[in-house]
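I have placed the structure first, in the form of structure tokens, so that the comments after it can refer back to it.
Naming convention: chains lettered A, B, ... in sequence-line order (proteins, then strands); numbering from 1 in each chain. Any value given below was found using the heavy atoms of this structure, including those in side chains, with hydrogens, waters and symmetry copies removed. Just so it is clear, the structure is predicted and the values come from calculations on it, not from any experiment.
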Amino acid sequence: MNYWLMKSEPNCYSIDDLKQDKIEHWDGVRNYQARNMLRDQMKKGDLAFFYHSNCKEIGIVGIMKIVKEGYPDVTARDPENDHYDPKSTENNPRWFMVDVGFVEKLKKVITLNSLKQQPVLAEMPLLQKGNRLSVMPVSKTHWHYIINLREH
DNA sequence: GCCAACGTTGGC
DNA sequence: GCCAACGTTGGC
């Protein structure tokens, strides 16, 4: 069982959207490192933090689970889509997505700032300088530590 | 294969 | 809106 953190800009797609949709494709990832994780490493049943980036209250806002493993991201082949990539073809798809299911919305956002205050989490990829990956792994230790920071 | 130019991400 | 950090592109 693996743990992940996945970023989304809430004005694009937020935890409230997922709460409403219950299950949604996690499409639009156009970075090879992130693509490889979506395609090769994410397994059904894995859990992931939903992270709001580029917004007023930056941080972890919820929990979701992987309900469908990596398959070709169809938005790459849609010329109308913002993430259209003409180099991705049906026989040789370049980009992948997974399906995620809503698990819970946190009562209170665990802010990026508060994560930075935790020495235990210093090694998290999320907190490393210049890390812009929109999908990244979370260690089991870090996962449980963060889970315990939740307010009930 | 190098690297300059450019685009994007995302915190502040 | 700024800008640092990083990825990608493409000429050579």
Tabulated below should be each protein N or O lying under 3.5 Å from an N or O of nucleotides 1-8 of chain B; please produce it.
residue: B/dT8; atom: O2; partner: A/Arg132; partner atom: NH1; Å: 2.4

### Query
Taking the inter-plane angle between the rings of A/Phe50 and A/Tyr13 on a 0 to 90° scale, is it parallel (under 30°), tilted (30 to 60°) or perpendicular (over 60°)?
parallel
### Query
Atom CG of A/Asn11 to atom C1' of B/dT9: distance rounded to whole Å?
14 Å
### Task
Please report, rounded to the nearest Å, how far the C1' atom of B/dG10 is from the CG atom of A/Leu127.
14 Å
### Query
Is A/Asp16 salt-bridged to A/Lys105, cutoff N-O under 4.0 Å?
yes
### Task
Indicate, with yes or no, if A/Met97 and A/Val29 share a hydrophobic cluster defined by side-chain heavy-atom contacts under 4.5 Å among Ile, Leu, Val, Met, Phe, Trp and Tyr.
no
### Task
Calculate the interatomic distance between A/Ile60 atom CD1 and B/dG11 atom P; express it in whole Å.
12 Å
### Query
Below 4.0 angstrom from OP1 or OP2 of B/dG11, is there any side-chain N or O of A/Tyr51?
yes
Could you pull out all donor-acceptor pairs under 3.5 Å where a side-chain atom in residues 33-43 of chain A meets a protein atom, sequence neighbours excluded?
residue: A/Arg35; atom: NH1; partner: A/Arg94; partner atom: O; Å: 2.7
residue: A/Asn36; atom: OD1; partner: A/Arg39; partner atom: NH2; Å: 3.4
residue: A/Asn36; atom: ND2; partner: A/Tyr32; partner atom: O; Å: 3.4

### Query
Between the main-chain N or O of A/Val120 and the side-chain N or O of A/His142, is there a donor-acceptor pair closer than 3.5 Å?
yes
### Task
Please work out if A/Lys56 contacts a base, only the sugar-phosphate, or nothing of the nucleic acid, heavy-atom cut-off 4.0 Å.
nothing
#### Entry: Whole-Å gap separating P (B/dG10) and CG (A/Leu112)
12 Å
### Query
Starting at NE2 of A/His83 and ending at C1' of B/dT9, how long is that distance when rounded to a whole Å?
12 Å
### Query
Taking the side chain as C-beta and beyond, is there a heavy-atom pair between A/Pro72 and A/Trp95 under 4.5 Å?
no
### Message
Expressed as a whole number of angstroms, how long is the span from A/Met136:CE to B/dT9:C1'?
### Response
11 Å
### Query
Toward the 5' end of DNA chain C, which comes first, A/Asn54 or A/Asn131, by nearest nucleotide?
A/Asn54
### Task
Take atom CD of A/Glu9 and atom P of B/dT9, then tell me their distance rounded to the nearest Å.
7 Å
